[in-house]
Amino acid sequence: MTKTGKAHETELDRVLDRNRRDRGRLVQILREAQAIEGWIPPETVTAIAQGLGMAIGEVESTLEFYSFFYRRPRGDYVVLFSDNITDRMLGNQAIFEHMARRFGVARGEVSPDGLVSLDFTSCTGLCDQGPAILVNGIAIPKMTLRRADQIHDLIRSKVPVSDWPKDLFEIDHNIRRADMLLGSDFMPGSALKAAIAMGPEAFLTEVKRSNLRGRGGAGFTTGVKWEAAKKAQADERFIVCNADEGEPGTFKDRVLLQFYPERVFEGMALAGFVTGARHGLVYLRGEYLYLLAPLEEKLAELRAGRLLGRAIQGVEGFDFDIEIHMGAGAYICGEETALIESLEGKAGRPRIRPPFPVVCGYRNKPTVVNNVETLCKVTEIALQGGAGYEGFGTKQSTGTKILSVSGDCERPGIYEYPFGVRVGQVLDDCGARSPKAVQISGPAGTCLGIREFGRRIAFEDVPTAGAFMVFGEHRDMFAVAHNFAHFFAHESCGFCTPCRVGTAIQAKIMDKIAAGHATQYEMNELQHLHDVMRTGSHCGLGQTAGGAIADTIGKFRDDYEQKLARKDFEPAFDLDAALARARAVTGRDDADSHMLDHA
Amino acid sequence: MFHVAPTTRKRKVRIATTSLSGCFGCHMSLLDIDERLLALAELVEFDRSPITDIKHCGPCDIAIVEGGVCNAENVHVLRELRANAKVLVALGACAVNGGLPAQRNHLDVGECLTRVYTHRSEGMKGSVPSDPELPLLLDKVHPINEVVRVDYFVPGCPPSGDAIWKYLTDLIDGRIPRLEHPMLRFD
Amino acid sequence: MSDYETFLLDGRPVRFERGQTILEAALAAGHYIPNLCHHPEFKPHGSCKLCTIKVNGRYGSACTVKAMPGQEVSSDTPELNGNRRVLLQMLFVEGSHFCPGCEKSGNCALQALAYDLEMLTPHYAHFYPSRPLDASHPDVLIDFNRCIMCELCVRASREVDGKNVFALAGRGVASHVVVNSPSGKLADTDFALTDKAAHICPVGAILPKRVGFAVPIGSRTYDVDAISTLAERRATEEA
């Protein structure tokens, strides 16, 4: 596979030129450079650094941060299994092992012939049709042993992924309940037309009147955000669409991007219209690579229809265009300042706030970062006015909210409800027969038990970015929290002490409990760690990383207790395993060379 | 936390001490309390300890452990002390964080053994000793709190005689033991 | 209106100038708040989190939160000091910090803070990292196992030395400092012993070669004075 030095150089030059040799596009450059050989050799790092006038370490800093960049050779086919708890509940591990056996390759390894490498990855956003995998970045849902065999054969016969049967890649929208947004027809350009008729000031007033709050979870008032960016002193402004839908269990943005893209883009143009921004950027998570081409097509279509580009709808001075940036496997980039760092080509480490992006964001210019769903909602407000919008939902949470329902229910998928819907209602509608718990808003959210199913989805009660994972009565909630603990340890950016080290210690303790080697001592340790991470971490990731553990210990303590050793203390490591190396070298196997009793 | 004895005690406090993977420097430092040894002798009596040469530990009030855990025997000794003592104290850098012996932790123990015993100069051929009498090495050296529950920690390499005296008398007199600057040192 | 403003730190009024962070104002007024990644010559970093305080009931980093009139700040409380002790323990187990064998012992901010906060044990199970040493440079040695990711060397080399010798790479616990050269070795950079970055490391990760025990252990900076006492004294001298 290795290309000759010269050919490689030419291709890399082309990549650099295509990206205007702009170091701000480093993440895009690395993505394209990796496509040349499937990994990024040291010479490429040096060449990129030279080409962009950067230090090698700065390139490495970005390169090593993202899960989908490889510094060592990978297989010609890179197969990644989504490892959210919902994938596990659907049996992803058995399918992984089956495939690993058939290829004779271990987790994280490349097969000796260089054909394939297998690994797990964080949730790929196909929880309603899992288990899901990515093959060379392209998503395949509904994995079964049969599909695994089919894929095995395709890889063995070296069929290019682009020639694989189309049905493998078919992704359903699974819209089960449509309301205000999903249920209404939308004529591209109609929202812009309405806003233009109103004028930017009047339209902003409508957005503020609607009391629309950000759908990414934090719930900041959209109109206030836009107004702040509009008022900030600057020669340039940016609108960023946060399509880094990384929270495990969330997939509603994927559906909006696939089936309602004109709404998303028009929402961005509306934000540009109000704030005076001329540039829009979509930060699309790496896992949604298969959406890139259709989205690019849609952008071209909108440009042709004068809904993007210069003088939109013939309004002189209303120029707005959109560019799509791909992420490369980093959950933290859903945090808006980490996302901006990533857009600037850097590692996604959250910035210190204030200053907030509306004042100093992308390239230090005022930047509005809105969630995909929020941008769709803006088109509704343009069409029906703020007052009309306000009537839906609750007083503090107006309008509707799209939920991504997965887990133990008969009808997983997309559900749109007016805010204020009770958790129990959603459970009934999705056919959850005997739910034990619901994890709302993903691992960073809240775990609710049966007694809390009367609570409401709303910013003032149970806020959510959209994830709604259902766990049936037979589920072990420790296993759920265990999965989340590894997720956070994997996704911590490493910037601040409590999160970098705390998530790692937390994951190890959860492993110890899972192995049956923990005691009450570890239970106390988990609580204490959560307190330190919650109060000391730099951003939401660390602050919430112990939340699911604290919730499940509080509500499902039995699921932990039954795994505990009935002892005062258990060593931090496996004593007998720690003797194995010396046993092997000395050739001993006598009684004293073992330490099997954990007395 | 545990208190060893009320201030008006009838009997002496029984202490066991041991050195695991350490250099006995902490024990030497204990002797550095000089003439206060006589006062200590009034307060305590020794169970298993290099001072008494008693080989196995009986029930005691305080166990003082120097050194980290580097082999199977260390584990057994440490557990014996833990099982018999009301209060277990980690004394010195090695017991507290593995110390100098733990500096081998980034090396493969198997390779260390092979290198030491089989790669000899002058044509000598050796083999890694395999006598069951020999304590088998753990792949890494651990501080004692990774093997048993530890009640108190006295860091230092070694802790000064003053620090040991302060800590011990706090414990014996039923105060919450405390080490502050400049007595608290890691080196 | 008076020409200065105040906030309350643990119940005591602290004067500040507009634009100062709580940490800057507190240190200038002779009130110590534990900190590691902070350096008066550089922009706030906010990564070590040792300076975590409560401002009007909300947690924040003293090094990044701007002082405002009337703020009620708590810092020297059992809860916050307890959490700081945990952060120190995390740093101690994450790296390899064998003080008796480190030339920085006695001059090390990590160790001095551990003394100040009476950290007697690293508590958590050690990670035992195995990061390679870099002894390639003629005058300077780097032991990455002692690195606490404060990025002071990164910042000093970029902002003061104008050399850009270091960068932070990796993610999560795999985060690590890299050297900006094709070989990844310090010898292949223009790094010099006279660089600010050669002397800014708060721990013993970057050390000059051929210097050892010039000041004997026991007589070093923090052997003599606690780090908090020193900071408070410095403020009095500057005032």
Side-chain angles (χ1 to χ4, degrees), chain B residues 1 22-23 25-26 29 65 68-69 88-109 138-147 149-160 162-163 166-167 170 176-187, chain C residues 32 85 88-89 91-133 143-146 203-204 213 215-230:
Chain B
M1 268 300 176
C23 69
C26 298
S29 204
V65 180
V69 182
L88 189 98
V89 183
L91 182 69
C94 303
V96 170
N97 68 12
L100 180 68
Q103 300 310 295
R104 77 152 156 95
N105 284 354
H106 65 281
L107 302 171
D108 175 71
V109 71
L138 296 165
D139 58 354
K140 287 183 168 38
V141 179
H142 295 264
I144 64 170
N145 68 310
E146 293 184 18
V147 178
R149 192 193 277 269
V150 177
D151 303 307
Y152 296 106
F153 298 85
V154 187
C157 186
S160 66
D162 288 345
K166 164 77 166 63
Y167 214 83
D170 275 355
I176 291 175
R178 197 169 168 191
L179 281 184
E180 290 172 276
H181 193 277
M183 230 187 266
L184 172 58
R185 291 268 300 277
F186 293 170
D187 54 13
Chain C
Y32 186 67
R85 211 171 292 127
L88 290 172
Q89 290 169 327
L91 290 171
F92 269 91
V93 299
E94 182 194 26
S96 177
H97 298 281
F98 174 54
C99 298
C102 179
E103 166 57 24
K104 192 78 174 190
S105 195
N107 298 322
C108 168
L110 178 69
Q111 184 192 57
L113 269 175
Y115 292 168
D116 222 38
L117 290 160
E118 294 178 49
M119 189 201 96
L120 299 178
T121 162
H123 182 78
Y124 298 106
H126 285 69
F127 289 20
Y128 302 127
S130 187
R131 308 180 192 134
L133 299 176
D143 183 347
F144 292 108
N145 294 298
R146 295 174 184 161
V203 296
F213 304 101
V215 178
I217 282 188
S219 314
R220 298 181 175 196
T221 315
Y222 303 119
D223 295 339
V224 181
D225 292 300
I227 192 167
S228 53
T229 316
L230 271 177

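Owing to the predicted nature of the structure, the values given are computational and were not obtained by experimental measurement.
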**Request:** Could you tell me whether the side chain of B:Lys166 and the main chain of B:Arg178 form a donor-acceptor pair under 3.5 Å?
**Result:** yes
**Prompt:** C:His123: what forms a side-chain contact (heavy atoms from CB on, under 4.5 Å) with it, not counting sequence neighbours?
**Reply:** A:Tyr521, A:Glu525, C:Gln89, C:Thr121
**Item:** Residue B:Leu100 versus chain C: region with a heavy atom under 4.5 Å
**Value:** both
**Message:** Could you work out, with side-chain contact (heavy atoms from CB on, under 4.5 Å) as the rule, every residue matching C:Thr221, not counting sequence neighbours?
**Reply:** C:Asn107, C:Leu230
**Message:** Please classify the contact of C:Ala114 with chain B as side chain, backbone, both or neither, using a heavy-atom distance under 4.5 Å.
**Reply:** both
**Request:** Would you mind checking which part of C:Asp116 comes under 4.5 Å of any heavy atom in chain B, side chain (CB onward), backbone (N, CA, C, O), both or neither?
**Result:** neither
**Side chain / backbone / both / neither for C:Val93 at chain B, heavy atoms under 4.5 Å** = neither
**Asked** Which atoms form the tightest heavy-atom contact between C:Tyr222 and C:Ile227, and what is the distance?
**Response** CE2-CG1, 3.6 Å
**Asked** Relative to chain C, which segment of B:Val141 carries a heavy atom at a distance below 4.5 Å: side chain, backbone, both, or neither?
**Response** backbone
**Item:** Heavy-atom pair of closest approach, residues C:Cys99 and C:Phe92
**Value:** SG-CE2, 4.4 Å
**Item:** Structural part of B:Asn97 lying under 4.5 Å from a heavy atom of chain C
**Value:** both
**Item:** Options C:Pro129, C:Ala125, C:Ser96, ranked by heavy-atom pairs under 4.5 Å with chain B, top entry
**Value:** C:Ala125
**Residue pair C:Pro100 / B:Ala93: nearest heavy atoms and the distance that separates them** = CG-CB, 4.3 Å
